[in-house]
Amino acid sequence: MTSLPTAATESGLPNTYDAGEVEPRLYARWKEAGYFRPQASSSGRSFSVVLPPPNVTGRLHMGHALTATIEDCLVRWHRMRGDDVVWLPGADHAGIATQIMVERELEREGSSRRELGRGPFLKRVWEWKETHSGLIDRQHERLGASLDWERYRFTMDEASSAAVREAFCRLHEDGLIYRAYRLINWDHKSQTALSDLEVEHRETAGKLWHIAYPVAGTEEQLVVATTRPETMLGDTGVAVHPDDPRYQHLIGKRVVLPLVGREIPIVADSILVDMEFGSGAVKVTPAHDFNDFETGKRHDLEVVQVVGWDGNICSPAPAPYRGMSIQQARSAVLAALEDTGALVRVEDHKLSVGVSQRSGAVVEPLPSTQWYVKTAPLAARALDAVRSGETTIIPESRKAEYYRWMENIHDWCVSRQLWWGHRIPAWHCAACQEITVAREDPANCEHCGSDRICQDEDVLDTWFSSGLWPLTTLGWPAQSKDLDRFYPTSLMETGWDILFFWVARMMMLGLHLRGEVPFRTVFLHSMVLGPDGQKMSKTKGNVVDPVELIDEYGADALRFYLCTMAGQDAGIVFSRARVEGYRNFCTKLWNLARFTSMHLGGYDADGFAARLATPAGLAELGPSDRWILSRAVETSVEVGELWTNWRLDLAAHCAYQFVWRELCDGYVELAKQDLRADAGRRARSVTQGVLATVLDMVLRMLHPMIPFITEEIWQWLPKPSDAAESLMLASYPSVTSWREQDDAGEGTHAITMAGPFEAVGEFLAARETREARDDVKRLNELVSAVRMLCAESRVPAGKRVAVCMRAPNAELRASVERIRTRAVFVGRFASYKLLEEGVAADRSSASAVIGGGIEVFVPLAGLIDVAEERARLDRERAKKEKELVAVSRKLENEKFLARAPLEVVEKEKTRRVELEASLAKLRSMRERLQT
RNA sequence: GGGCGCGUAACUCAGUGGUAGAGUGCUACCUUCACACGGUAGAAGUCGCAGGUUCAAGUCCUGCCGCGCCCACCA
């Protein structure tokens, strides 16, 4: 066995765990050893995940950290289960975002991309990409992400670009890509069109202006209501409702557009116009409003564009307004209208303004020719795939959102007037005006053969290449082994904010291009909010940097915290206190390991493993050993089941509670007795073995969540000689075979587990094991009761007290006897006496009743605070009486007896008996103190 | 306008119709030989509000209040 290097010395582990030293060292070693590469499967299953590619020049934020933690946890778990696992990293060129950053830099230099020209600008972006890329990859490494870096992809590398081109050509051939002249969302700051999704709607307080348009050739006026008066400069019609009695006589006539003087028609349109709203007459500006554009088509109205590509008013608007910004033009138009008396009314009105997600610019609807993906046929298949269960979306509530969006999907505008991205593989012919779409750059027009062709200037939406990502990362369109081996991928884990942007597009493109869904399960997590519950933002100053948290608390602490948040459906309000709590847990685990290391002198791991496999060996186990081993088995199975059900939060909690409450607080305290130098050799060696074995199991069950500290400890831990060389490769302790022995008729299970303790079936079913669990529970209750009595009576800490008990039956008396030595040791009792029937306890005892009706007395002559003790007993009695009333009321209710399930009724009856017995004892204890 | 989610201890969160939980914080005591990033004991809740279903509701149903999010071309 080759061991990983470790900071632990021969004599044991260092006093403190130094995450800053351990984490990079172990990560480098794992990476070098090739553990992140897929391994031939021993389970016959494969598990593949594609990491959502972060922006190539991005930095790790909490969302990335959450994604990577959840994915790494599941990936490591599957790897430990022997699956053929691959987790694919990569980066996204992030068209607009990256281009904006470089343009900002140019602006600071007093230059611009236009000034530079396309070629030099792109060179500049590539340089920027080179200098700023890789940071987030290294940050993912710091988090411990076991990504297969050898399969790294960038959306603009050669293979990805080839995939994009193939996809575009295929879709074009299949009639799913087309060009169209219609209104688009124009971001004048970035100088590009945007898809509907890239436009965020912000509710704003606005106004509704009523403007009078004179009807041509009459004295009449037609009043229209608008939220955007400046667009009137481009009005080419006014619409009224065909059924509106107010305006019947005006339909077909014309109005004179104020400030412009143009005559435009009055049309009747029942789709656009709501008679109840505003004045019931709507100005129609086909060039600058999506509804108006459609209305214009219905009535053959002109499209007059008065807002230019720079976002300012342009010709053919009247000269005074040209060059003005929208805001300036609005003020100017309103002032002019006011002067002429055309502005008849102003109301407050709320409206939503479209804003570019990336640049923040107010988006202007403008008419333009763009490339579109026809989504209806793609969406139909993507819907079916989820409906039929080929792909499962978790949580369920997001599935409904997916359906709703897919069912109402619009065609996808995929062309962007940017330079940074995949250039559209289409060539325009100057001779015949036709377009040639081709996989290889053509020299001639495929329609007329002319060589006067030039490539389309536009690039594709970034999400087009992202939408191919599961295909691209596995080698598509080439016939790759990886594709056969890992497609469809097993899991897509990401934030629900990109369900439509990304997940939906991958579904559509994957299904169309490969004929199969890109992933079997979509697991969506929520957004991480700042500590104040607000969305994290620089301006609010509530941004939490995961890398800083790693520096401060270690990657494991952050990961454990994020695991506990994985199931949150509402936003995740960041809590530093909890990260700190999990750092404390790591320290606790470290100290558990240190404790173990101090007591393993002479321990023979191979020998102990062999003994555990035999009945004689099992027979040597004491009650506490049986208890902790059985609980360790149970807990690791439970944790695995919780992961299967996507409950990482409960899995983390379950493992945490077991390690701290049961193993550290419970078993270690018991074990100290047998580990003392003066203890018997035999007892010592069994306890050493159990401690080492349980610690081994605990490290395995925790490793997927907190990989670093568990590996560091595991490397030191003495293990059987056939153990794996890294915890990453060790088996997860899950049930590997489960056979019911019906013929024996005893209902015992032959269960085998992977891990250090294999043949657990007989052991778990044994009477001794079940008895041991009861005994340990009793022991804990007893010790707690005595401690409580001492604390309440202010017995000086460290003072040993005598303990007397009275047990109501032979079974309990036997149990009390069995736990005698361990209870005396753990509780530091001065003596331990089981009172005979009818023998009264010392008059000046503090007393309590524990489970099963065992009475516990602590004689405290001279120490007992009688008043305090009376008060405590009264409180206790009042509590039990209240419970008894509730239980009795239930049991006296005939409907309850008749309708509640039998076992519930039985439980209540038992409880009543127990409560009555406890109360009787409490009353007599109280009476003793009366005098 | 439509839809979704969340309101549980001071804070961050679990909770499967059947005795309200964890971590942090708080109080008291303890420098007990793994760990003060620790130990022991304790206090702390009208489970947002109001109805309803049920033998039984934190849990299921309806309405309301508060917070957050998504979708939507209502001038």
Side-chain angles (χ1 to χ4, degrees), chain A residues 12-13 15-17 183 196 201 208 224-228 239 272-274 277-285 289-294 349 351-352 354 365 395 397-398 400-401 404-405 408 496-497 499-500 526-527 529 531 533-535 553 557 561 564-565 567-578 580-599 647 649-650 653 656-657 661 664-665 668-669 672 676 783-784 787-792 794 796-798 828 883 886-887 890 893-901 903-905 907-908 911 915:
Chain A
L13 298 167
N15 284 346
T16 54
Y17 174 73
L183 286 201
D196 296 343
H201 296 274
L208 191 60
V224 299
T226 180
T227 54
R228 297 201 55 192
L272 181 71
V273 181
D274 171 3
F277 189 89
S279 61
V282 188
K283 62 192 257 334
V284 183
T285 323
D289 182 283
F290 288 95
N291 288 319
D292 292 4
F293 186 78
E294 294 304 316
H349 185 70
L351 76 162
S352 74
S397 57
R398 301 289 163 196
E401 248 172 54
R404 201 155 35 79
W405 190 77
N408 299 302
W496 49 248
D497 54 329
L499 175 62
F500 309 135
S526 187
M527 300 295 102
L529 307 174
Q534 302 282 105
K535 213 168 179 173
Y553 303 106
Y561 166 68
T564 67
M565 291 293 117
Q568 258 304 92
D569 206 7
I572 297 162
V573 180
F574 176 75
S575 163
R576 183 176 289 268
R578 284 189 62 155
E580 221 168 279
Y582 296 118
R583 186 272 318 269
N584 295 353
F585 174 77
C586 288
T587 307
K588 187 76 180 177
L589 184 64
W590 183 255
N591 282 304
L592 167 67
R594 278 183 59 227
F595 172 82
T596 307
S597 78
M598 290 171 183
H599 295 282
R647 292 306 305 266
D649 56 335
L650 298 184
H653 182 251
Y656 178 107
Q657 291 296 320
R661 302 274 83 98
C664 293
D665 295 351
V668 164
E669 292 310 314
K672 282 176 179 171
R676 284 184 311 192
V783 171
S784 277
R787 281 177 182 156
M788 183 266 291
L789 293 175
C790 289
E792 297 278 336
R794 315 240 180 263
R828 293 162 205 272
E883 280 179 50
V887 172
K890 271 191 191 178
N893 184 339
E894 280 175 29
K895 283 181 180 170
F896 173 73
L897 296 175
R899 300 195 193 177
E903 56 181 47
V904 172
V905 176
K907 213 168 138 190
E908 292 297 322
R911 220 178 123 216
L915 281 170

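Residue numbering restarts at 1 for every chain, and letters A, B, ... go by the order of the sequence lines.
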So what does A:C586 hit on the nucleic acid, given a heavy-atom distance under 4.0 Å: a base, only sugar-phosphate, or nothing? nothing
Whole-Å distance, A:M527 CE to B:rC67 C1', equals 18 Å
Can you say whether the rings of A:Y561 and A:Y582 are parallel (under 30°), tilted (30 to 60°) or perpendicular (over 60°)? tilted
Pairing partner of B:rC35, by Watson-Crick or G-U wobble and under 3.5 Å for both distances, is none
Take atom OH of A:Y582 and atom P of B:rA22, then tell me their distance rounded to the nearest Å. 13 Å
Expressed as a whole number of angstroms, how long is the span from A:L351:CG to B:rG1:P? 15 Å
Comparing A:A593 and A:A577 on RNA chain B - which has the more 5′ nearest nucleotide: A:A577
Identify which nucleotide among B:rG18, B:rC73, B:rA75 has an atom closest to any side-chain atom of A:P901, counting heavy atoms from C-beta outward. B:rG18
Counting the atoms with a prime plus P, OP1 and OP2 as sugar-phosphate, which does A:H201 contact under 4.0 Å by heavy atoms, base, sugar-phosphate, or nothing? nothing
Please name all residues satisfying salt bridge (charged side-chain N to carboxylate O under 4.0 Å, His left out) with A:R911, sequence neighbours left out, ordered by chain then number. A:E883, A:E908
Any base atoms under 4.0 Å from A:R576, or only sugar-phosphate, or nothing? Heavy atoms, all strands. nothing
As a quick check of understanding, evaluate side-chain contact (heavy atoms from CB on, under 4.5 Å) for A:V887 and A:L915, giving each step before the final call. CA-CA 9 Å; A:V887 172; A:L915 281 170; 4.0 Å; yes
Classify A:W496 by what it touches in the nucleic acid, base, sugar-phosphate, or nothing, heavy-atom distance under 4.0 Å. sugar-phosphate
For A:N591 and A:R594: C-alpha separation, side-chain torsions, deciding distance, then whether side-chain contact (heavy atoms from CB on, under 4.5 Å) applies. CA-CA 5 Å; A:N591 282 304; A:R594 278 183 59 227; 2.8 Å; yes
Rounding to an integer number of angstrom, what distance separates B:rU16 and B:rC60 when you compare their P atoms? 8 Å
Going by the rule side chain to side chain contact (heavy atoms under 4.5 Å, CB included), which residues pair with A:K672 if we only count those two or more places apart in sequence or in a different chain? A:F595, A:V668, A:E669, A:F825
Applying salt bridge (charged side-chain N to carboxylate O under 4.0 Å, His left out), can you list everything that pairs with A:R228, at least two apart in sequence or on another chain? A:E230, A:E364
Report which part of the nucleic acid A:D274 touches: base, sugar-phosphate, or nothing (heavy-atom distance under 4.0 Å, all strands). base
Touch class at under 4.0 angstrom, heavy-atom based, for A:V273 against every strand present: base
Is the A:F585 ring parallel, tilted or perpendicular to the A:Y656 ring (thresholds 30°, 60°)? parallel
Counting primed atoms, P, OP1 and OP2 as sugar-phosphate and everything else as base, the B/S/- map of nucleotides 35-45 of chain B against protein heavy atoms under 4.0 Å is B-BSSSSS---
Donor-acceptor contact below 3.5 Å, side chain A:T564 vs main chain A:D649: no
Results of ring pair (Phe, Tyr, Trp, His ring centres under 6.0 Å) for A:W496 - residues two or more places apart only: none
Contact class for A:F293 (heavy atom, under 4.0 Å): base, sugar-phosphate, or nothing? nothing
In whole angstrom, what separates A:L897's CG from B:rA56's C1'? 12 Å
P atom, B:rU19 versus B:rG2: distance in rounded Å? 40 Å
Paired to B:rA20 by Watson-Crick or G-U wobble criteria (both distances under 3.5 Å) is none
Contacts of A:R398 meeting salt bridge (charged side-chain N to carboxylate O under 4.0 Å, His left out) (sequence neighbours excluded), chain-then-number -> A:E401, A:D569
For A:N408 and B:rC70, give me the distance from atom CG to atom C1', rounded to whole Å. 13 Å
Which part of the nucleic acid does A:V224 contact within heavy-atom distance under 4.0 Å: base, sugar-phosphate only, or nothing? nothing
Go through B:rA34, B:rA28, B:rA75 for me and flag the one nearest to the A:D289 side chain. B:rA75
With A:D292, which residues qualify under side chain to side chain contact (heavy atoms under 4.5 Å, CB included), at least two apart? A:L272, A:V284, A:T285, A:D289
Rounded interatomic separation in angstrom, taking CG from A:L499 and P from B:rC71: 10 Å
Treating primed atoms plus P, OP1 and OP2 as sugar-phosphate and everything else as base, which nucleotides of nucleotides 3-17 of chain B get B, S or - for protein heavy atoms under 4.0 Å? --SS-----BSSS--
B:rG58 and B:rG7, which share atom name P, separated by this distance in whole Å: 15 Å
In whole angstrom, what separates A:K535's NZ from B:rC69's C1'? 9 Å
Suppose you measure atom P in B:rC49 against the same atom in B:rC11; what distance do you get, rounded to whole Å? 15 Å
A:Q657 side chain, from C-beta outward: closest of B:rA34, B:rA22, B:rU19: B:rA22
Going by the rule salt bridge (charged side-chain N to carboxylate O under 4.0 Å, His left out), which residues pair with A:K588 if we only count those two or more places apart in sequence or in a different chain? none
Under a 3.5 Å cut-off for both distances, is B:rC60 Watson-Crick or wobble paired, and to whom? B:rG52
Which whole number of Å gives the distance between the P atom of B:rA50 and that of B:rC65? 15 Å
Need the pair for B:rC4. Rule: Watson-Crick or G-U wobble, both distances under 3.5 Å, any strand; none if unpaired. B:rG68
Whole-angstrom distance between B:rA14 and B:rC6, as gauged at atom P: 10 Å
Same-atom distance (C1') from B:rC35 to B:rU59, integer angstrom: 39 Å
Say we look at B:rU31 and B:rU40: how far apart would their P atoms be, to the nearest angstrom? 15 Å
Quick one: label A:G280 by what it contacts on the DNA or RNA (base, sugar-phosphate, nothing), any heavy atom closer than 4.0 Å. base
In whole Å, I'd like the distance from the CZ atom of A:F500 to the P atom of B:rC69. 16 Å
